[in-house]
Amino acid sequence: QVQLVESGGGLVQAGGTLRLSCAASGTILRINAMGWHRQAPGKQRELVAVSTSDGLTNYAESVKGRFTISRDRAKNTVYLQMSSLTPEDTAVYYCYAAISSGFFADTRDYWGQGTQVTVSS
């Protein structure tokens with residue numbers, strides 16, 4: 001089984017920066033994709049950024065130019081560097097990974113517990 005653990009959330013002022021980290025552990029053969037989603041109160045969970053195994057990245061339109069996703073493949077870790085934060089970025093941020101745990105195992109989706117990001121005005 002695989003576990004994702006996020007860290008780096010907290011309170012930051014508008015215009016500030018924050019860096020989230022997510023480390024995957026457990027039985028991992030290959031990570032096909034890793035990224036971040038977020039969910040604000042009363043809203044649906046939305047994709048923020050994702051990085052695929054071939055290095056392609058996708059960002060939500062609302063965060064393009066402000067957020068940067070990166071990966072340390074040796075550590076099975078993904079980062080989200082967030083800049084120019086606004087109160088609209090306030091949400092619980094969830095780490096996501098699509099992982100195969102064995103040669104005969106299908107790729108499965110995993111989610112972290114979430115880390116709170118609060119941006120004050």
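Values reported hereafter were calculated over all heavy atoms of this structure, with side chains retained and with hydrogens, waters and symmetry mates removed.
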Any [X] side-chain heavy atom under 4.5 Å of [Y] side chain:
{"X": "Tyr93", "Y": "Met82", "result": "yes"}
{"X": "Ile69", "Y": "Tyr79", "result": "no"}
{"X": "Val117", "Y": "Leu20", "result": "yes"}
{"X": "Ser101", "Y": "Ile99", "result": "yes"}
{"X": "Val2", "Y": "Ser25", "result": "no"}
{"X": "Asn76", "Y": "Ile28", "result": "yes"}

Output yes when a side-chain donor or acceptor of [X] lies under 3.5 Å from a complementary backbone atom of [Y], and no otherwise.
{"X": "Thr90", "Y": "Glu88", "result": "no"}
{"X": "Arg19", "Y": "Gln81", "result": "no"}
{"X": "Thr115", "Y": "Gly9", "result": "yes"}
{"X": "Glu6", "Y": "Gln113", "result": "yes"}

Do [X] and [Y] sit in the same hydrophobic cluster, where Ile, Leu, Val, Met, Phe, Trp and Tyr count as joined when their side-chain heavy atoms come under 4.5 Å apart?
{"X": "Leu18", "Y": "Val92", "answer": "no"}
{"X": "Leu85", "Y": "Val63", "answer": "yes"}
{"X": "Val119", "Y": "Leu80", "answer": "yes"}
{"X": "Tyr94", "Y": "Trp36", "answer": "no"}
{"X": "Val78", "Y": "Phe67", "answer": "yes"}

Worksheet item: Under the salt bridge (Lys or Arg N to Asp or Glu O under 4.0 Å) rule, what pairs show up with a residue in residues 39-48, not counting sequence neighbours?
Response: Arg38-Glu46
How many angstroms lie between [atom1] in [X] and [atom2] in [Y], if you round to the nearest 0.5 Å?
{"X": "Met34", "Y": "Thr77", "atom1": "CE", "atom2": "OG1", "result": "6.5 Å"}
{"X": "Leu11", "Y": "Thr118", "atom1": "CG", "atom2": "OG1", "result": "6.0 Å"}
{"X": "Thr17", "Y": "Arg66", "atom1": "OG1", "atom2": "CZ", "result": "12.0 Å"}

Sequence neighbours excluded and cut-off under 3.5 Å, please list the side-chain donor-acceptor pairs for residues 47-54, or say none.
unit_1, atom_1, unit_2, atom_2, d
Thr52, OG1, Asp54, OD1, 2.3
Thr52, OG1, Leu56, N, 3.3
Thr52, OG1, Leu56, O, 3.4
Asp54, OD1, Leu56, N, 3.3

Practice prompt. Search all heavy atoms of Ala14 against all heavy atoms of Ser121 and return the closest pair with its distance.
Written response: CB-CA, 4.3 Å
Practice prompt. Measure the acute angle between the ring planes of His37 and Trp111, then classify it against the limits of 30° and 60° as parallel, tilted or perpendicular.
Written response: perpendicular
Discussion item. Which residues pass the ring pair (Phe, Tyr, Trp, His ring centres under 6.0 Å) test with Tyr110, not counting sequence neighbours?
Written reply: none
Discussion item. Looking at Gln116, I'd like to know if its CD atom is crowded, meaning that more than 12 non-hydrogen atoms belonging to other residues, nucleotides or ligands lie closer than 6.0 Å.
Written reply: yes
